[in-house]
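None of these values were measured; they are calculated from a predicted model. Throughout, numbering of the chain's residues begins at 1 and tracks the sequence.
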Amino acid sequence: MPRLGSAPRWAAAAGRWGCRLLVLLLFLVPGPGGASEITFELPDNAKQCFYEDITQGTKCTLEFQVITGGHYDVDCRLEDPDGNVLYKEMKKQYDSYTFTASKNGTYKFCFSNEFSTFTHKTVYFDFQVGEDPPLFPSENRVSALTQMESACVSIHEALKSVIDYQTHFRLREAQGRSRAEDLNTRVAYWSVGEALILLVVSIGQVFLLKSFFSDKRTTTTRVGS
């Protein structure tokens with residue numbers, strides 16, 4: 001089963017480099033260490049589980065959405081290291097769940113498409129573990145932040161919001177494209193079916209009209225003179 005690793009964390013930026021350099025770093029450096037975003041294929045009659053090692057007291061958030069397939073629904077289940085069920089939903093299109101780890105260990109969350117016989121799904125999920133590290137090493141100091149540091153923190157928060165919006169818009173675009181392609185396929189099949197029915201009816205009418213105008217010869221039998 002796949003295990004979610006720890007992604008690189010935000011690098012601490014020195015105040016001397018200025019706000020522009022920090023903005024550049026925000027675009028180049030990967031997301032916070034506790035965030036894992038995956039989009040995967042979930043075949044019919046299949047189940048996929050993921051695992052994450054979490055320490056006690058850590059706040060976590062699981063968010064998922066079905067992008068393509070069937071009625072865009074999936075079963076989701078989250079368990080703690082002892083196998084206790086923390087979250088369980090059946091046939092959900094999308095949802096979000098936040099919890100605080102009550103103990104150290106490996107937490108398990110699974111997505112199931114076992115109720116579907118013919119259609120496979122494409123599922124996206126975002127699993128966030130812990131809070132983002134401070135932008136500056138001394139951000140939690142007693143003294144107030146400088147004007148440049150405050151501006152950099154504001155830009156950092158705004159960029160995180162932009163990334164979230166972009167992710168949701170990409171998911172909506174992918175789901176809308178999937179619905180449009182599915183509708184286009186149905187319309188194409190329906191058009192082919194209508195053409196075949198029209199062809200069969202036309203041929204039937206031709207033979208029917210032909211039978212009306214065909215000569216019917218009768219046989220006359222003479223009885224002896």
As an exercise, state the distance from OG of Ser191 to CG of Leu198, rounded to the nearest 0.5 Å.
12.0 Å

Could you measure the distance from the CG atom of Leu86 to the NZ atom of Lys108? Nearest 0.5 Å is fine.
12.5 Å

What's the spacing between Thr100 OG1 and Lys59 NZ if we round to 0.5 Å?
6.5 Å

Would you check if Leu183 and Arg179 make a side-chain contact, meaning some heavy-atom pair closer than 4.5 Å?
no

Work out which heavy atom in Gln93 is nearest to a heavy atom in His71; give both atom names and the distance.
NE2-O, 3.3 Å

Report yes or no: do Leu42 and Val66 belong to one cluster of Ile/Leu/Val/Met/Phe/Trp/Tyr joined by side chain heavy-atom distances under 4.5 Å?
yes

Taking the six-membered ring for Trp, are the ring centroids of Tyr107 and Phe127 within less than 6.0 Å of each other?
no

Where do Thr55 and Ala101 come nearest, in terms of heavy atoms and distance?
O-CB, 3.5 Å

With a 6.0 Å cut-off on the ring centroids, do Phe111 and Phe64 count as close?
yes

Interatomic distance, Glu181 atom CD to Asn184 atom CG [nearest 0.5 angstrom]
8.0 Å

Any donor-acceptor pair under 3.5 Å linking the side chain of Asp82 with the backbone of Asn84?
no

CG on Asp80 to OG on Ser102, rounded to 0.5 Å:
5.5 Å

Using atom types as modelled and distance alone, determine if a side-chain donor or acceptor of Glu114 lies under 3.5 Å from a backbone N or O of Asn45.
no

Show the nearest heavy-atom pair for residues Asp75 and Lys91, with the distance to one decimal.
OD1-N, 2.7 Å

Ignoring hydrogens and angles, state whether a donor on the side chain of Asp53 or Thr106 is under 3.5 Å from an acceptor on the partner side chain.
yes

Could you state whether Tyr72 and Phe115 fall into the same hydrophobic cluster, counting links through intermediate Ile, Leu, Val, Met, Phe, Trp or Tyr residues with side-chain heavy atoms under 4.5 angstrom apart?
no

Determine, using the 4.5 Å side-chain heavy-atom cutoff (strictly less than), whether Phe125 and Met90 are members of one ILVMFWY cluster.
no

Is a side-chain N or O of Tyr97 found less than 3.5 angstrom from the main chain of Leu78, in a donor-acceptor match?
no

Residues His120 and Pro43: closest non-hydrogen pair is CB-CA, 3.6 Å

Provide the closest heavy-atom pair for Gly130 versus Thr58 in the form atom of the first, atom of the second, distance.
N-CG2, 3.4 Å

Asn104 and Pro81: which non-hydrogen atoms are nearest, and at how many Å?
O-CG, 3.8 Å

Are any of the side-chain heavy atoms of Asn113 and Asp44 separated by less than 4.5 Å?
yes

Is there a donor-acceptor pair closer than 3.5 Å between any side-chain N or O of Gln128 and the backbone N or O of Thr98?
no

Side chain Asp126, main chain Glu37, donor-acceptor under 3.5 Å
no

With hydrophobic residues grouped by side-chain heavy-atom distances under 4.5 Å, do Ile197 and Tyr189 end up in a single group?
no

Would you say Val74 ends up clustered with Phe109 if hydrophobic residues are merged whenever their side chains have heavy atoms under 4.5 Å apart, either directly or through other cluster members?
yes

Measuring from atom CD of Glu52 to atom CG of Leu62, what distance do you get when rounded to the nearest 0.5 angstrom?
11.0 Å

So Gln65 and Glu63, do their side chains get closer than 4.5 Å, heavy atoms only?
no

Got a donor-acceptor contact below 3.5 angstrom from the Asp73 side chain to the Lys92 backbone?
no

Determine whether the interatomic SG-SG distance for Cys110 and Cys76 falls below 2.5 angstrom.
no

